[in-house]
Amino acid sequence: MSAAPAGQPIRLHFDDNSLLPILFGDHDRHLVRIEQKLDVTLASRGNQIQISGSPGSASAAQATLQALYQRLAENKKRGDVPDELDQATVDAAIRWAVSADRSGSSMSEFSSAAIQTWKRPIEPRSPTQLAYVQALRRFELVFGLGPAGTGKTYLAVAIAVAMLKERKVDRIILSRPAVEAGERLGFLPGDMKEKVDPYMRPLYDALYDTMSGDQVQRRLDSGEIEVAPLAFMRGRTLANSFIILDEAQNTTPTQMKMFLTRMGENSRMAVTGDPSQVDLPHGQKSGLREAVEALKAVTGVTIVTFTDVDVVRHPLVTRIVRAYDAVERPLVARAEAGDRH
């Protein structure tokens, strides 16, 4: 594969024609996607593509196509060529190409950081996700902060499952504050599991994406995986475990301190949340904000902050997050100024 000198339309030549239908997509839909996202023009002829556009956009399109082609070529060597590339993979390659220079990460890291779960490998889809995955593997306590759709909880669950698979931990413990129920939890129908399961559903969804349904149920029954409200953590010491607290912005400072001090020997913790989406009663301070401020300089703790650029759901979700952020940012600033006075 070769490219023309910078300053001219970039021409790419692909050596393996058999991979091009997958790279281009049905009716060239992947090429169209790259054109739309990067504001470039792609003209394909045989096993060549010409890229026209501004130097930065053309370079990003070149990097995107090269990364996707290299991914397919490596899969072919392993005898594992997919029937097609999904849009999420193409969007991830575009995101990496645009962010690579700013983040210092290379396109070669696109597949090398894959998390090996029982069901399938899971790859980080942005440089911030890569930094988060690396932090989860390296540090005892990781805070993942940012808007919905950035993979904070999903990737933490994937790392937890990978560590259970590798027998680096004996248990996975997943928790959330059931703040919406408040003191009314006892009045909901059913037994305790039926009462709290609706609040735990996003955690179950992540589990079922990393292992089979039978595996999930078997490990829930054996206690290897536990999904429980935050209140159930009080009084326990959790050793040899990977512990995840989701929606942590809805903890009080007392609850957060209680949770963090549950860590036992050979355990890891991931605390995820969006500080801008606090559902606590008006005037109640978020334990997540206090913990981040108090622990940011503590050895063994790291904080990874996601932005709307890292949203990996439907593109409309990114636009929604940005629109809300534009409205909420001045409101938060005024509220914080009021607190200081």
Side-chain angles (χ1 to χ4, degrees), residues 132 135-136 139-148 150 152-157 160 169 171-188 192-204 206-207 223 225-265 267-298 300-306 332 335-336 339:
Y132 184 55
L136 289 167
F139 294 95
E140 289 87 359
L141 174 58
V142 178
F143 288 89
L145 312 178
T150 50
K152 305 181 299 295
T153 303
Y154 185 83
L155 290 172
V157 171
V169 296
R171 291 186 298 169
I172 297 173
I173 298 172
L174 310 175
S175 187
R176 291 182 116 195
V179 68
E180 299 89 342
E183 296 301 320
R184 299 188 298 276
L185 196 62
F187 294 96
L188 294 174
M192 185 54 66
K193 183 177 185 301
E194 291 170 330
K195 294 174 193 290
V196 302
D197 268 3
Y199 304 104
M200 305 295 116
R201 181 48 52 188
L203 300 174
Y204 284 113
L207 285 174
I225 298 176
E226 181 179 348
V227 183
L230 178 59
F232 287 29
M233 298 296 105
R234 190 173 300 278
R236 304 175 63 183
T237 299
L238 306 172
N240 302 308
S241 304
F242 199 111
I243 311 145
I244 300 172
L245 176 60
D246 188 32
E247 295 291 331
Q249 74 274 7
N250 290 327
T251 62
T252 65
T254 300
Q255 288 173 327
M256 178 61 78
K257 184 178 179 181
M258 177 274 292
F259 175 80
L260 294 176
T261 54
R262 299 309 92 197
M263 181 183 286
E265 185 178 357
S267 284
R268 301 260 179 139
M269 280 188 171
V271 178
T272 67
D274 181 356
S276 71
Q277 297 295 318
V278 177
D279 295 322
L280 293 167
H282 181 69
Q284 175 67 67
K285 188 174 182 180
S286 169
L288 178 60
R289 289 177 181 169
E290 182 179 271
V292 168
E293 183 62 29
L295 302 177
K296 61 185 178 182
V298 174
V301 177
T302 192
I303 299 164
V304 178
T305 302
F306 296 85
V332 171
E336 291 177 347
D339 290 342

Exercise. Side chains of Val227 and Leu207: does their closest heavy-atom pair fall under 4.5 Å?
Worked result: yes

Seminar exercise, completed: Given the options Leu155, Leu288, Asp246, Val304, Thr272 meets side chain to side chain contact (heavy atoms under 4.5 Å, CB included) only with Asp246

Problem set entry | Heavy-atom donor-acceptor pair, Glu265 side chain to Ala239 backbone, under 3.5 Å | no

Problem set entry | Check: Ser267 side chain, Asn240 main-chain N or O, donor-acceptor pair, under 3.5 Å | yes

For this session: List the steps, then state whether side-chain contact (heavy atoms from CB on, under 4.5 Å) holds for Ile173 with Arg262.
Result: CA-CA 11 Å; Ile173 298 172; Arg262 299 309 92 197; over 6 Å; no

Problem set entry | Between CZ on residue Phe143 and CG on residue Leu295, distance to nearest 0.5 Å | 5.0 Å

Problem set entry | Which atom of Val142 lies closest to which atom of Ala135, heavy atoms considered | CG2-O, 3.5 Å

Exercise. Measuring from Ile243:CD1 to Leu174:CG, what's the distance to the nearest 0.5 Å?
Worked result: 10.5 Å

Exercise. What is the minimum heavy-atom distance between Ser286 and Leu280, and which atoms define it?
Worked result: CA-CD1, 3.9 Å

Exercise. What distance do Glu226 atom CD and Leu238 atom CG have between them, rounded to the nearest 0.5 Å?
Worked result: 7.5 Å

For this session: Run the numbers on Val271 and Thr251 for side-chain contact (heavy atoms from CB on, under 4.5 Å), then give the verdict.
Result: CA-CA 11 Å; Val271 178; Thr251 62; over 6 Å; no

Exercise. Are Val278 and Gln284 side-chain neighbours, meaning at least one heavy-atom pair lies under 4.5 Å?
Worked result: no

Exercise. Do the non-hydrogen side-chain atoms of Pro202 and Arg176 ever get within less than 4.5 Å of each other?
Worked result: yes

Exercise. Short question: side chain of Lys152, backbone of Pro147 - any donor-acceptor pair under 3.5 Å?
Worked result: yes

Exercise. What is the minimum heavy-atom distance between Leu136 and Arg268, and which atoms define it?
Worked result: O-NH1, 3.0 Å

Seminar exercise, completed: Scanning both residues in full, the closest heavy-atom pair of Ala228 with Met233 reads CB-CE, 4.0 Å

Exercise. Distance from Asp274 atom CG to Phe306 atom CZ, nearest 0.5 Å?
Worked result: 11.5 Å

For this session: Heavy atoms only: give me the nearest Ala160-Ile244 pair and the separation to one decimal.
Result: CB-CD1, 4.2 Å

Seminar exercise, completed: What one should report as the nearest heavy-atom pair of Ser175 and Pro229 is OG-C, 3.4 Å

Problem set entry | Rounded distance [0.5 Å steps], OG1 in Thr261 versus CZ in Arg234 | 9.0 Å

Exercise. Between the side chain of Asp279 and the main-chain N/O of Asn250, is any donor-acceptor distance below 3.5 Å?
Worked result: no

For this session: Would you please test Met258 and Leu230 for side-chain contact (heavy atoms from CB on, under 4.5 Å) and show each step?
Result: CA-CA 9 Å; Met258 177 274 292; Leu230 178 59; 4.1 Å; yes

Problem set entry | Trace of the side-chain contact (heavy atoms from CB on, under 4.5 Å) decision for Lys285 with Glu290 | CA-CA 8 Å; Lys285 188 174 182 180; Glu290 182 179 271; 3.8 Å; yes

For this session: Check whether any side-chain heavy atom of Phe259 lies under 4.5 Å from a side-chain heavy atom of Met269, and answer yes or no.
Result: yes

